[in-house]
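These notes concern the structure reproduced below.
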2 protein chains.
Amino acid sequence: MDVRTICLGILSRTQATGYEIKKLFDEDGYDHFVEASLGSIYPALGKLTEEGLVSMREEAQEKRPDRKVYTITPAGRRAFVASLLKPLPEDRYRSPFMFAMLFADLLPKDRVSQMLDDYIAHIDHKLAHLERVEGNAQSKGEHFATGMGRAAFTAILDFLHTHRVDIEAEDVKAAE
Amino acid sequence: MDVRTICLGILSRTQATGYEIKKLFDEDGYDHFVEASLGSIYPALGKLTEEGLVSMREEAQEKRPDRKVYTITPAGRRAFVASLLKPLPEDRYRSPFMFAMLFADLLPKDRVSQMLDDYIAHIDHKLAHLERVEGNAQSKGEHFATGMGRAAFTAILDFLHTHRVDIEAEDVKAAE
DNA sequence: GTTTGCATGTAAACGGTTACATGATTGG
DNA sequence: CCAATCATGTAACCGTTTACATGCAAAC
């Protein structure tokens, strides 16, 4: 899902500045399955404006750059819905952690333990974040997405807690 | 995790040609959390050879291009382990499906059902693949990785089956 | 007779991140 | 005093994908 489409999606819910869109990503739970940096959001908004899919209104501010508030246009809504009617790109999951676990036997035992600790802490943190935003979910979709995220994270944590011993165990060379 | 490191990892287990490395990705369960195309593998192998991290031996073949079999060097092994001792990059999960679910209320009901059907079929397929490779897992790490993948996919499928009704339900406008 | 598998490689295009550039305000 | 927040934007860089280029053999 490209930054263009993500911006349209957010703007279909609320008008916002580029900066605010970025914040919605990070804070409102979107960041579990999409992401974008400001360096890609600003150019995307510029292009969407050119194409008439969003409109922009400048709000002057004292001692700050003008806020540029973007609003989705009817054409923008149509384009957004159209993009969701097309076949969706596949999910992509890249996990350096899982990759590293494949080679646990090459690593010192405490490095493996440390990786597990870090990863568990990280998932814990994500799960906590998810549960925090779950409360203020607005739409059916948000409930569904946070629920599914929670299901997945919980299962992963369960697995890690019960199976970390397997990978932390010393390699026992078969006695001859 | 960049293609370089992934190639080194695979070559730490077995020598292989670029073509074979690609196949190992797709067939041996690696593709659930790492991926790379031939267009990135060949240049990566060339560079690793230059740097002395892998060595290359050409095997002439009749009526086919020479096979170039790559073997990791001691320096390559050291570099690979060193890369796993450094802090790992974060996992990244990009899900156009989850993103689309956030906007289910904007879509026709049967498009949502179709997305769910497609996605469930897709996860089913991945899970079956994982269970197929789980049998011939060689190392502790492979067992761990396939086990964790299975745990996550199973939880997601469970969730989808029990909660799809929530998102497929008609939006009932509150009676006034 | 067409697709799939084997086997290599290059180059253009793409989409994105990171760093740079600027600068006042507020909270710790 | 320093870090974070607000607020925009550009440009260089990066890694990767996709398409192109080549071509035979086996399977369907």
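Chain letters run A, B, ... following the sequence lines, proteins first, then strands; residues in each count from 1. For clarity, every value in this text was computed on a predicted model and none was experimentally measured.
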Among C:dG5, C:dG9, D:dC6, which nucleotide has an atom closest to any side-chain atom of B:Y42?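 Closest nucleotide to the B:Y42 side chain: C:dG9.
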B:R67, nearest nucleotide to its side chain (from D:dG9, D:dC6, C:dA7):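 Comparing D:dG9, D:dC6, C:dA7 against the side chain of B:R67, the answer is C:dA7.
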Mind calculating the distance between [atom1] ([X]) and [atom2] ([N]) to the nearest angstrom?
| X | N | atom1 | atom2 | answer |
| --- | --- | --- | --- | --- |
| A:D66 | C:dG23 | CG | P | 15 Å |
| B:E59 | C:dT8 | CD | C1' | 14 Å |
| A:Y19 | D:dT8 | OH | P | 9 Å |
| A:E20 | D:dC6 | CD | C1' | 10 Å |
| B:R57 | C:dA7 | CZ | P | 13 Å |
| A:K47 | C:dG16 | NZ | C1' | 14 Å |
| A:E58 | D:dC6 | CD | C1' | 16 Å |
| A:D31 | C:dT17 | CG | C1' | 17 Å |

Heavy atoms only, 4.0 Å cut-off, all strands: where does A:G46 land among base, sugar-phosphate and nothing?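 No contact at all - A:G46 keeps every heavy atom at 4.0 Å or more from the nucleic acid.
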Quick check: are there more than 12 heavy atoms from other residues, nucleotides or ligands sitting under 6.0 Å from NE2 of B:H125? no
Below 4.0 angstrom, N of the basic side chain to O of the carboxylate: do A:R92 and A:E90 qualify? no
Is any NZ, NE, NH1 or NH2 atom of the basic residue among A:R4 and A:E51 found under 4.0 Å from an Asp or Glu carboxylate oxygen of the other? yes
Global bending angle along the helix from C:dG1-D:dC28 to C:dG28-D:dC1, which compares the axes of five pairs at either end, to 10 degrees: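 Comparing the first five pairs with the last five, the axes sit 50° apart.
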Report yes if a side-chain nitrogen or oxygen of A:K22 is closer than 4.0 Å to either non-bridging phosphate oxygen (OP1 or OP2) of D:dC6; otherwise report no. no
Kindly state each residue pair satisfying salt bridge (Lys or Arg N to Asp or Glu O under 4.0 Å) with at least one member in residues 23-33 of chain B, sequence neighbours excluded.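 Those involving residues 23-33 of chain B are B:K22-B:D26.
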Protein N or O to nucleotides 16-18 of chain D N or O, pairs below 3.5 Å:
unit_1	atom_1	unit_2	atom_2	d
D:dT16	OP1	B:V3	N	3.2
D:dT17	OP2	B:S37	N	3.0
D:dT17	OP2	B:S37	OG	2.8
D:dT17	OP2	B:S40	OG	3.4

Got a second to check how far A:L11's CG is from A:L45's CG, nearest 0.5 Å? 6.5 Å
How long is the straight-line distance from OH of A:Y70 back to CG of A:L53, given to the nearest 0.5 Å? 13.0 Å
Within-4.5 Å side-chain heavy-atom neighbours: A:E142 and A:T146: no
Has the side chain of A:S113 got a donor or acceptor atom that lies under 3.5 Å from a matching backbone atom of A:D110? no
Apply ring-ring contact (aromatic ring centres under 6.0 Å, His included) to the pair A:F144 and B:F159, showing each step before the final yes or no. CA-CA 9 Å; A:F144 187 81; B:F159 182 88; 5.4 Å; yes
